[in-house]
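Note that the structure is a prediction, hence the values are computed from the model and not measured. The chains referred to below are lettered A, B, ... by the order of the sequence lines, with proteins before strands, and numbering in each begins at 1.
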Number of protein chains: 2
Amino acid sequence: MGTQPKHTMLAAQRNPRRNLAEELISRGVRMTHQRRILVDLIQRADRHLDVLTLWRRARSRDSTLNKVTVYRTLSLLKKHGLVDELDLMHLEGEKHFYEARTTRDHLHLACLKCGAIMEFESSLFEKLKGQIERERRFSIQVVRMEAGGICAACRG
Amino acid sequence: MGTQPKHTMLAAQRNPRRNLAEELISRGVRMTHQRRILVDLIQRADRHLDVLTLWRRARSRDSTLNKVTVYRTLSLLKKHGLVDELDLMHLEGEKHFYEARTTRDHLHLACLKCGAIMEFESSLFEKLKGQIERERRFSIQVVRMEAGGICAACRG
DNA sequence: ATTCTTATTGCAAGTGAGTTGCAACATGGA
DNA sequence: TCCATGTTGCAACTCACTTGCAATAAGAAT
C-alpha cells in the first residue's frame, strides 16, 4: 500500500453540483482571493483531498496562502454543509479527507490491503436513512458510512 | 448540550458477547493485570467510553495504570476486531469512543443539538452490507455508520 | 516452586493535526 | 473612494496519540 490512497472517479464528478463559490456568495459569505482558489480546487478535485494536499495545490496558485486558511475555509464549508469530512478508515493516520457534497449520498469502501478508496451509491442506503428518519423521528443532517475490508482486486 | 454525550443503553448490553479476556487468551495474548482491568471495564461499560474516561475508571482499580497502556490495549483490541472505534460525529472534538463489538452491527445517531447518542439496528443495514459484498466483491471487515442531526426530543 | 525468555508496562519526550489571539489587510456596501 | 467589519498570516499553543527505552511481570519450561 502506497503513501497516498488510490481513488476511483469521485461521485462529485459524476453528479456535479452548482458552483461552490456562487453557493457561498448567495449565503452572504465574503468571497476572498484565498477562498476562491480553495473552493475551486475542492470542486475540481480528482480525488478526496487532505489538508496538506489541498494546501500544496493552493500554494501553487498563491504561494502566500497559509495552511490555517485552509483549515478555516474547510470549517466554513462544513458549517454550510457544502463539504463532507471523511476518515477513510484512518488508513493514513488521523487526518481527514474532504469532498464537495453531492445531491445523492454515497458511502466509502477502503481496502485495508492496497489502500484503494471506492464510492458506493445505493437505494438501500437511501431507504435506511428514510427508516431512521421515520422510526426515530431523527432529522438527518449529515451521514457518514465507511467500510474497511478487502477489495475485489486484492481478493483476486 | 453537556460536556459528556448522553447515551442510551448500549447494544453491547442487549447482545452480550463472550468474555473479552477469554477471547484474548484464546488468541495467545498475554493477560496482564492492566489488560484484565481495562477489558473488564470495556465489557461492562454503560456507555461509549473515551480514553480519558476509561483511564479514570481503570485508575480507581490500579492507580499506577498509565494512559499509554489504555491506548496500547485499545489498539490491541482493535487489531483483533474486538472493539469498534467511533467518532460520534466529533461532537466533542477529535477524540474517539470505543465499544465492545457485538454480534450484529449497528449504527450511531448523534443529536447535534443536545448531544444524545442513539444506536440503531436494521435489517436494511445488513442488506446494504450484503449488496456491497456481492456487487463489489468487497469483503467487509469493519463498518462505521454515523448520522448527525436533530433527535425526536429536540424537534419536540 | 524456580528460572528464564520475552512481551508488556511506565515514564518522558516527541509527533502531528488542528486551533487561537492578534495585528495587518482586503472585501464589498455606502 | 471611504469605511466598517470580516478575513488573513503568523506564531504560539492545545490535545490526542505515539515512541524509545529501561524496568518489570507473564507464563512456559524445568
* Are B:H96 and A:H90 close enough that their ring centres sit under 6.0 Å apart? -> yes
* Write down the distance between CD (B:E92) and C1' (C:dG18), rounded to a whole number of angstrom. => 17 Å
* To do: Rounded off to whole Å, could you give me the CG-to-P distance for the B:N66 and C:dA13 pair?
  => 14 Å
* Hey, are B:E133 and B:R137 close enough for a salt bridge, meaning a charged N less than 4.0 Å from a carboxylate O? -> no
* Over all atoms of both residues, closest heavy-atom pair of B:F97 and B:H48 -> CD2-O, 3.7 Å
* To do: Determine the contact category for B:L52: base if any of its heavy atoms lies under 4.0 Å from a base atom, sugar-phosphate if only primed atoms, P, OP1 or OP2 are that close, otherwise nothing.
  => nothing
* **Terminal contacting nucleotides, 5' and 3', DNA chain D versus chain A (heavy atom, 4.0 Å)** => D:dT5 to D:dA11
* Structure fact -> Between CG of A:D50 and C1' of C:dG18 the distance, given in whole Å, is 13 Å
* Nucleotide-resolved protein contact map, nucleotides 23-30 of chain C, B/S/- at heavy-atom distance under 4.0 Å -> ---BBS--
* **Set of salt bridge (Lys or Arg N to Asp or Glu O under 4.0 Å) partners for B:D84, sequence neighbours left out** => B:R101
* With a 3.5 Å cut-off and no angle check, do the side chains of A:T69 and A:N66 form a donor-acceptor pair? -> no
* Side-chain heavy-atom pair A:Y98, A:L86 within 4.5 angstrom cut-off -> no
* Asked: From B:E126 CD over to B:L128 CG, what is the distance, rounded to the nearest 0.5 angstrom?
  -> 9.5 Å
* Asked: CH2 of A:W55 versus P of C:dT19: gap in Å, rounded?
  -> 16 Å
* **Within-4.5 Å side-chain heavy-atom neighbours: A:R134 and A:K129** => no
* Check the distance between C:dA7's P and B:R27's CZ and give it to me in whole angstrom. => 19 Å
* If we only count heavy atoms from C-beta on, is the B:V51 to B:K95 side-chain gap below 4.5 Å? -> no
* Structure fact -> Pairing string of DNA chain D (Watson-Crick or G-U wobble, both atom distances under 3.5 Å; | = paired to other strand) is ||||||||||||||||||||||||||||||
* Structure fact -> For A:L41 and A:L49, the nearest pair of non-hydrogen atoms, with its separation, is O-CD1, 4.1 Å
* Summary of salt bridge (Lys or Arg N to Asp or Glu O under 4.0 Å) pairs that have at least one residue in residues 57-69 of chain A, sequence neighbours excluded -> A:D40-A:R61, A:D46-A:R57
* Taking NZ, NE, NH1 and NH2 as the nitrogens, is one of them in A:E146 or B:R144 under 4.0 Å from a carboxylate oxygen of the other? -> no
* To do: Answer yes or no: is there a donor N or O on one side and an acceptor on the other, between the side chain of B:T73 and the main chain of B:V70, under 3.5 Å?
  => no
* Would you jot down, in residue-number order, the residues of residues 67-76 of chain A having a non-hydrogen atom under 4.0 Å from DNA chain D? => A:V68, A:T69, A:R72
* Asked: Quick one: is C:dA17 close enough that its OP1 or OP2 comes under 4.0 Å of any side-chain N or O from A:H96?
  -> no
* **Interatomic distance, B:L65 CG vs C:dG10 C1' [rounded to whole Å]** => 10 Å
